[in-house]
Every structure is written in C-alpha cells, then in structure tokens.
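Everything numeric in this text was worked out from a predicted model, so none of it was measured.
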Amino acid sequence: MRRFLGHHIFSSLTRRILFLNLAGLAVLVTGILYLNTFRDGLIDARVESLMTQGEIIAGAIAASATVETDSISIDPEKLLELQAGESLGPGSDQLDNLDFPINPERVAPVLRRLISPTRTRARIYDRDANLLLDSRHLYSRGQILRYDLPPVEDEQPDLLERVQKFVFDFFRNKDLPVYHEQPGGNGAAFPEVVKALTGSPSTIVRVSEQGEQIVSVAVPIQRFRAVLGVLMLSTEGGDIDKIVAAERKAILRVFGIAALVTAILSMLLASTIANPLRRLAAAAVRVRRGVKSREEIPDFSDRQDEIGNLSIAIRDMTNALYARIEAIESFAADVSHELKNPLTSLRSAVETLPLAKNDNSRGRLMEIIQHDVRRLDRLITDISDASRLDAELAREDAAIVDLKKFITDLVAVSREATRNKKAVEIEFKAAKLPQGVKGYFVTGHDLRIGQVITNLIENARSFVPEEHGHIAISLARAGKVNIVTVDDNGPGIRADNIDRIFERFYTDRPAGEAFGQNSGLGLSISRQIVEAHGGTLTAENIPGTKPGDIKGARFVVTLPAEG
C-alpha cells in the first residue's frame, strides 16, 4: 500500500505540483488576510457610529443639567428677560458664565436608557476630568453598584484555538497603544478626554492587554458653548475582534474548500503527467535491460500534447534502435558467412600445401592462397566501410553540391581510368531546368554521393560487352527532386526479384568474370548512402523493341533538390 501511494499518488512530481498549487493559494489567502480592508472599514464605521451616538447622548445630558443656585445669583428681571429671550441669545457671553453642573442622579437614568441596548461602555467626566458615571457600574434608577467577580481559572485552549490565536495575533496591528484601566477614574490619563475638554471631539483605537481592539470616542458635553464635562464611549474588548475573527474564519473556510479542490485537481493533473511518464520510463528501462522479446512502448499520441510527442519520439527511437540492432545482427551473420568461404578455402590450401608433390601443384596452391587473401582484404575493407558509414554521415557537415558539375567531373575521371578496365563509352546529359530553377543542387556529402555515382558506373562497366559498351548518365529535375539515371547496354538484371541485388553480399556477376572479384556490398552501400540523404535508389531492366527483350539495366537515383 505504501509503495502504491508513493509511486502513483504521492510521487515526486505529484508532490511538487501539489505543493506549488497550494503555495500559490496560501500566498493569496495570506495577502487577503494581511491586506484586508474590512477591519479598517469596520473600525471607521464603528468610530462614526460612536461619534453620532455620543453627540446624541451628550446633547441629552446637557439638556438635563441644572443651574447651581448656590454658586450664582439670578436677578428676577434678568430671568424674565432670559426666559423671554429679549436681551440674551444662545450666543450671549453672559450665558457662558452660568454654571450648569451635571447631576449624576438625573443623568444616570438617561444614560442607562440610551446605553443599555448597545454593548457600549459610557463614562462621564466633569470639567476636572473626574469620573462621575460609568455605565459598567449602573444598575437601575441611577443606583450604582460596585463589586468584584471572583477570578476565573484560566482554561487551557486546545490546539485549534492556539493556532487561530497565533494566526490572528500575527495579522494584528502591533502599533496601537495598550489600554490600561485607570485607578480612581482619572480621565486625564486619556488623551481623547483631555482634548474633548477643550470642546473638540476625539477618537482613538487601543488594544487591551489580551490583544483585543477597543475604540474610544470622547465628546464634549456643552450647553451654550460651556463645556460641562466629557462623555467617553468605548467598545467592549473583543467586539471588533470577534467580527474580524468571524470574517477571517469565513475566509479560512473558503481557503480550506479551495485547498481541497486544488489538491484533488493537482493530483488529477499530476496523474495525467506522472503516470504516462512513469510508464514510458519503465518501458525504456526494460529496453535497456535487453529483454528477449521486443518491448512495446506505450502509445500516447492521441493526447496531442508534449507527452504525446514524447511518446511518439520514444517509440520512433526504439523502433529505429531495434531496426539497427536487427541490421547489426543480420550484418554480423552475413559477414560471418562471407568470411567463412575464403577462410575455408585458405585453410584447405594451407593444409594441402605440405602434401604437394611437385612445383606445379604448390604453385597452384599458392595462387589460391593469394586469391583468398585478396578476397579477404576486399571483404574486410568493404565491411569496414559499410560499418562506419552511418557514423561518418552523422559526424560530417552537409554542404550544397552542384550535381551537374559534380557528375561531369566524375564522368571525366571514369573515362580516363581505363587501366585494367573495359573501354566503354560514357555519355552524360543534363536536361533543361524548369523555369525559375537555378541549378541541380542538393544538400549532402559530396564524397559519399560521388561514391554512389562511381559504384553505379563501375557496376555498369562490369556488365557491358567488351565491344561497343555504352553507359548513359542523365540528370533531370522533377518537382522537388533531382533524378540521376544510369543506363547500360548489358544483359540486364537476371534476378527474379530485382530488389535483391541491393542485399548485402549478393552477387550476380557476368559470365567469364573471375570468382571473388566483388564483395557484393557496393550496391548495398550505395542504397544506404542515398537513403541517408533522404533519397531513393532503384533498379529496373530497359525493355527492348520486342516483348521480353532486355536492352540493359537502369539504376535511378532520386535526391531532394535544394532551391
């Protein structure tokens, strides 16, 4: 089970895809949690709400304040004028000097009715910043009760709560001041209260010792522009944090669902990549180990993607490798067979040589030995040439070859090389090029192409009659290929299957030619060279004027044209 999970579900590629996809999702969620403006908007809305609530409560408290008659004398006439509003208005300087103290007994019921529906803490300070009322200690009808609750034993949070606390603490703003409860209710320790005593509202955001955010608003209590005191409203510790925590939990829940979906899709994606690659790798390993049977590479060509292209490439490479191995095995078997004949003859001659009774017999045996040695030398030379042909074609750089000029030079050399060869007439003709074509150009290796033309000329020379031998070479352009044709007036190809003449070590020599003068590799090497250049080499008989007559043999070479 562990091996199955490790190789098929949690392979290295699967883990990488899963990790990268989840990492990208985690970065996105982290950015949302860190850069989320919901908390800032919530704080701004809370401040605005508290400010509006504070102004309403401060106005109600100011309206309930009474004149302190013990500290000020009132002229009845002035009082009548004040009531009539004839000489004093709301902005009169004389009203600024009136003293309107806040009566806690009258204010407490008002404060309780306005505060009780909300979870807001309200505190009222007089003009000297002394605490008059605290909604936390209000009971009913203005009564004030103060008592301390017994300490609650700290409960150890579980692992999930500790993780949540760590995450929330990590994203909490650590630049906020810490809130401390002031002993004795001294409001001068709160900057917002001090500022409100000057007649300007003030707000501030703090964090408690437990890390909970607290929003405070201080509003001056004014009557006729006289500051009677300060109303301070503050949220309960944790109110905003609970809303933010709930919002973050919702984000984390969405993240959990998205992570699960991402993980499933990542494993499905990885399976469509890792499993085919694993099967291709396993097949390649089986091919490398050299099993007896021919291994079949999995076919994913229907995928139409990179893995499908890789499958096609590996299949083609493997088929080419098997074809090369089979060719090598067949070549080795043919070489072994061809070398055995001269070696057997050589061994018989060597064993018979000591038994020869006269010089004539020894001379004939020595001729056989020399003939077999020369035959072995030709075989080994041609075998070496054939075996290194592919490597040389792969190493050498191809170049542009002008076939017309190249074949003209080769024909000139073949006409002059008449020593120990038949004197034959060699003719070369190049057809007129189609319009727009500049020449008979091919891309390839000039030495190997020359070897093909030379082999075909010499092969034709060996078959033409001693007198009036004729070889005709023609060059033409047909579409995107150049066609070279080599005709002779020999007896033609006598093999039942004409294509057999291109087999290695196949020989069908003309009558009267000494045995062992050819290795049978010339035409095979020529076809190999032409196919390496992307062309073809075929043979056929030239029909005569009468049915069944043969005027000679014809070899046709096609090579891809350049330009």
Problem - Atom pair CZ (F555) and CG (D488), whose distance is rounded to the nearest 0.5 Å - result: 7.5 Å

Problem - Closest heavy-atom pair and its distance - R477, Y440 - result: N-CE2, 3.7 Å

Completion exercise
In short, A283 meets I297 closest at the heavy-atom pair CB-CD1, 3.6 Å

Practice task
Decide yes or no for I471 and L456: does some side-chain heavy atom of the first lie under 4.5 Å from some side-chain heavy atom of the second?
Solution key: no

Handout entry: Distance in Å, L343 CG paired with L376 CG, rounded so as to fall on 0.5 Å steps
Key = 5.0 Å

Handout entry: Side-chain H-bond candidate by donor/acceptor type, S301 with S311, under 3.5 Å
Key = no

Problem - Flag side-chain contact, heavy atom, 4.5 Å: I453 against F406 - result: no

Handout entry: Any L310 side-chain heavy atom under 4.5 Å of L277 side chain
Key = yes

Exercise for the section: First locate atom NZ of K404, then atom CZ of F441, and finally report the distance between them rounded to the nearest 0.5 Å. Expected result: 10.5 Å

Handout entry: Heavy-atom pair with the smallest gap, counting every atom of I493 and A539
Key = CD1-CB, 3.7 Å

Practice task
Check the pair I483, L559 against side chain to side chain contact (heavy atoms under 4.5 Å, CB included), reporting the backbone distance first and the verdict last.
Solution key: CA-CA 7 Å; I483 302 176; L559 292 172; over 6 Å; no

Handout entry: Intermediate values then yes/no, side chain to side chain contact (heavy atoms under 4.5 Å, CB included), R554 and V556
Key = CA-CA 7 Å; R554 172 176 293 164; V556 180; 3.9 Å; yes

Handout entry: Salt-bridge criterion met for R362 and D359 (N-O under 4.0 Å)
Key = yes

Problem - Minimum-distance pair of heavy atoms, taken over all atoms of L537 and V557 - result: CD1-CG2, 3.5 Å

Handout entry: Distance (rounded to the nearest 0.5 Å) between I307 CD1 and N275 CG
Key = 9.5 Å

Practice task
Report yes if the side chains of E427 and I473 come closer than 4.5 Å at any heavy-atom pair, otherwise no.
Solution key: no

Handout entry: Pairing of E458 and R461 as salt bridge, 4.0 angstrom limit
Key = yes

Handout entry: Beyond-backbone contact of L321 with V287, side-chain heavy atoms, under 4.5 angstrom
Key = yes

Problem - Distance (rounded to the nearest 0.5 Å) between I457 CD1 and N459 CG - result: 11.0 Å

Practice task
For the pair N541 (side chain) and P543 (backbone), establish whether a donor and an acceptor sit closer than 3.5 Å, ignoring hydrogens and angles.
Solution key: no

Exercise for the section: Measure the shortest side-chain to side-chain distance between F428 and I407 over non-hydrogen atoms and say whether it is less than 4.5 angstrom. Expected result: yes

Handout entry: Taking every non-hydrogen atom, the tightest pair across H533 and P560
Key = O-CD, 3.5 Å

Handout entry: Expected output: side-chain T558 to main-chain T536 donor-acceptor under 3.5 Å
Key = yes

Exercise for the section: Output the distance between atom CG (L346) and atom CD1 (I368), rounded to the nearest 0.5 Å. Expected result: 10.0 Å

Exercise for the section: Check whether any side-chain heavy atom of V442 lies under 4.5 Å from a side-chain heavy atom of I400, and answer yes or no. Expected result: no

Handout entry: Test item: Q451 and I529 side chains (from C-beta on) under 4.5 Å apart, heavy atoms
Key = yes

Practice task
Would you name the heavy atoms of T538 and R527 that are closest together and state the gap between them?
Solution key: CA-NH2, 4.4 Å

Handout entry: Carboxylate-amine/guanidinium proximity below 4.0 Å for R415 and E425
Key = no

Exercise for the section: Verify, without hydrogens or angle tests, whether N319 (side chain) and R315 (backbone) share a donor-acceptor contact under 3.5 angstrom. Expected result: yes

